[in-house]
Structures are given as structure tokens and as C-alpha cells.
Amino acid sequence: MKPVLVSGIQPTGRLHLGNYLGALKHFVELQKSGKYECYFFIADLHSLTETFSPEEKTDQINNLAVDYLAAGLDPEKSTLFIQSLSPAHTEMAWVLNCITPFGELRRMTQFKEKSENDPENINVGLFTYPVLMAVDILFCNPQFVPVGEDQLQHLELTRTLARKFNTRFGKTFTEPKPLLTEVPRLMSLDDPTKKMSKSRPAGCLFLDDTPEEVLSKIKTATTDSGKEIVYDTDKKPGVSNLLLIYSNLSKQSISSLEKRYQSKGYAEFKKDLARVVVESLLPFQTNKKELMNKPGGIKKIFEAGSKKAASIANKKLIEVKKKIGLVL
Ligand code: LTN
């Protein structure tokens with residue numbers, strides 16, 4: 001049997017290049033490797049911890065479902081599902097809540113950061129976020145969880161909870177290991193001191209951007225004084241960010257790009273980069289257009305995947321309930 005692997009993305013808005021290179025692209029590669037039994041889901045319940053509106057939420061979930069498929073996730077090879085369609089997830093999260101020390105959650109970096117960024121909306125869901133995440137992981141006995149570095153603390157808590165539950169109630173959960181994925185730190189095109197983010201649309205390359213939008217954003221991207229195209233994040237944050245994007249999409253090393261543009265100007269560099277971005281997005285965008293013509297098909301795919309995930313989670317929940325002495 002192949003080792004099980006599970007990961008998810010929150011539906012919080014249109015995906016941008018940073019989201020793609022940091023997560024979705026890795027998911028597709030892991031699926032293609034054929035080495036794992038993969039579960040990929042849409043973490044819609046987690047996304048409720050940030051301010052949202054119902055209309056937007058539906059669009060965000062549907063849009064991420066299409067993006068998964070357009071990027072190359074394949075329901076024949078991976079189980080694709082929506083978190084909220086597995087009721088056992090939240091029920092099991094309650095049980096794990098009751099063995100999670102308050103102090104552990106209070107130390108979580110993501111909780112502290114998100115509380116600081118949005119002091120008006122420090123909700124309890126944000127606080128217990130890592131416990132639901134532990135269930136997302138533990139329900140299917142995975143060996144691996146592909147995540148970026150920012151999620152390592154949550155994964156460590158997941159392992160702690162699994163161990164704690166097993167010690168107290170008998171072996172029930174596996175302790176999965178992180179599959180640390182490389183997440184390039186893309187910066188905003190209009191202000192390379194800030195992270196690329198959907199909240200700064202002018203500096204953000206979205207996967208859905210038209211060639212005209214890509215061209216205009218790259219053309220107006222902040223460059224730095226001087227005219228050398230060299231990677232130096234302190235002195236030339238703008239150019240370094242463009243080199244990082246170029247290198248990630250073209251699979252050419254940054255040093256070979258520096259050489260190639262040694263005696264060339266910003267204008268030519270930017271024109272080439274825009275072409276690379278447009279060409280890289282094209283297969284995704286073509287797939288997406290095709291998929292949008294059959295929304296019923298997408299719904300069916302996620303319904304079937306969710307049914308499977310929900311049944312696996314429910315089995316695990318029954319096991320958990322028995323172990324802790326609840327009556328069934
Ligand atoms: N917290 C993650 C999303 C997420 C996840 C998971 C990732 C929710 N549950 C389980 C891996 C496994 C994020 O925001 N990147």
C-alpha cells in the first residue's frame with residue numbers, strides 16, 4: 001500500500017502566483033509522482049475564521065474547486081473533497097479540543113499574527129484553528145503532510161495530539177511527518193517590501209490575469225535605482241523579486257538569468273518576463289475555461305470525493321468515540 005498524504009488550501013480569494021508556486025503546484029507534482037495515496041481538500045471551515053460574506057464564500061469555494069482541477073489535480077488519482085461536507089471532521093475536532101492544552105494554542109504564531117492583523121475579529125475559531133487542522137490530517141492515517149514552513153508549528157501540535165490521544169486511549173492515530181515544500185517568497189510588484197497578496201491587487205499576479213493585465217503589472221513593477229539586473233534583496237528588492245518569479249516559472253537558475261541579462265536593460269527583461277508569465281499561465285487558463293463550461297461535472301467530482309472522505313472520517317470518529325467511552 002502506498003503511503004497516504006493529505007493537504008488543503010483555504011478558499012479566501014482568487015489564487016495568485018505565490019499560492020500556486022507555494023502549494024498547488026506541489027500538490028500536482030506529488031500526485032504525478034504516483035508514490036502516494038493523495039487527499040486534497042478545500043479548507044472552507046478554516047476560512048470562516050477570517051471576515052467573509054456568504055456570496056463571496058460560495059464563489060471562493062467553487063473557484064478553488066475549478067482551480068484544483070485546472071492545475072492538474074485529477075479525481076482518478078487523488079481524493080478531492082470539501083472539508084465542510086464531512087460532518088465527522090467538526091465532531092472529532094470537539095473531542096481533540098478537550099485534550100488540547102489552552103497554553104499550546106495561545107503560543108501559536110499564526111494565531112498571534114492573525115490577531116494582530118485583524119484585532120476586530122479575534123474569534124474562537126481562529127484560536128482552535130490548529131485543532132480542526134489536526135483532524136484534517138489525522139482522520140485518514142497519513143504518513144505525510146506537504147506544507148510550507150509557516151504550518152510546521154501546527155503540524156507539530158497535530159503530532160503531539162496524536163501521541164497524547166494514543167497514550168491515553170490506545171493506538172488510534174498515526175503521527176505524520178511534514179513534507180516540507182519550498183514556498184518562494186514572492187513580493188508585491190508595486191511594493192517589493194510587502195508580500196505578494198490579494199489585498200494589494202496592483203502588485204499581485206493572479207492565475208486568472210489576462211495577458212494585458214500581466215503585461216501592465218510587470219511593466220509598472222517597481223524596479224530599483226541603477227540598471228543592473230542582479231539578485232540582491234537588500235539593495236534591489238524589486239529586481240530580485242522579478243528574478244525570483246522568472247526563475248521559478250522558467251526553471252532557469254537566478255545566476256544564469258543574471259548572466260543572460262548582464263548587458264541588457266529593465267525594459268527588455270520585463271518584456272521577456274511578461275511573456276514567460278503569460279505562457280506559464282496559459283495551460284491553466286485554457287483548462288479553466290473548458291471546466292467552467294461544465295460546472296455540474298465539477299460539483300459531481302467534489303461530491304464523490306467528499307462522500308469518500310466523509311465515510312473515512314466517520315469510521316475514525318466511531319473508533320475515537322469507542323476509545324474514549326462514549327456510548328454509540
Ligand atoms: N492551515 C493551512 C490550510 C490547512 C491545511 C490543513 C494544510 C487546513 N488544514 C491540513 C495541510 C493539512 C494553510 O492555511 N496553509
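Just so you know, residue 1 is the first one in the sequence shown, and it goes up from there. Whatever order the structure lists ligands and atoms in, that order sets their numbers, starting from 1.
- Protein heavy atom in closest approach to atom 1 (N) of ligand 1: Tyr129 OH, 2.6 Å.
- Polar contact check, Ser7 against ligand 1: no nitrogen or oxygen pair lies under 3.5 Å apart.
- Shown in contact with Gly8 at under 4.0 Å from a heavy atom are these atoms of ligand 1, numbered in order with element: 3 (C), 4 (C), 5 (C), 7 (C), 11 (C).
- At least one N or O atom of Asp136, backbone or side chain, sits closer than 3.5 Å to an N or O atom of ligand 1.
- Ring centroids of Phe111 and Tyr129 are separated by 6.0 Å or more, keeping the two rings apart.
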### Task
Assess whether side chain to side chain contact (heavy atoms under 4.5 Å, CB included) is satisfied between Phe206 and Leu15, documenting all intermediate values.
CA-CA 6 Å; Phe206 293 100; Leu15 285 190; over 6 Å; no
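- Between Tyr36 and Phe144, the ring planes lie perpendicular to each other; the angle is over 60°, past the 30° to 60° tilted range.
- Set against the non-hydrogen atoms of Gln151, the atoms of ligand 1 under 4.0 Å away are 1 (N), 2 (C), 13 (C), 14 (O), 15 (N).
- Nearest protein heavy-atom neighbour of atom 8 (C) of ligand 1: His46 ND1, 3.4 Å.
- Surrounding NZ of Lys164 are more than 12 heavy atoms belonging to other residues, nucleotides or ligands, all under 6.0 Å away.
- In this structure, Phe27 and Tyr68 have perpendicular ring planes: the angle between them is above 60°, well past the 30° mark.
- For the side-chain hydrogen bond (donor to acceptor under 3.5 Å, both in side chains) test with Asp208, the passing option among Lys288, His16, Gln285 is Lys288; the others fail.
- Against a heavy-atom cut-off of under 4.0 Å, Val145 is close to the following atoms of ligand 1: 11 (C), 12 (C).
- Counting atoms of ligand 1 from 1 in the listed order, those under 4.0 Å from a heavy atom of Ile137 are 10 (C), 12 (C).
- Proximity of Gln10 to ligand 1, defined as any heavy-atom pair under 4.0 Å, is confined to the side chain (atoms from C-beta onward).
- Remark: minimum distance from atom 6 (C) of ligand 1 to any protein heavy atom is reached at Phe41 CZ, 3.5 Å.
- Side-chain contact, Asp136 with Gln83: a donor N or O sits under 3.5 Å from an acceptor N or O.
- Annotation: Asp150 places no N or O atom under 3.5 Å from an N or O atom of ligand 1; distance criterion only.
- Ring planes of Phe102 and Phe127: tilted class, angle from 30 to 60°.
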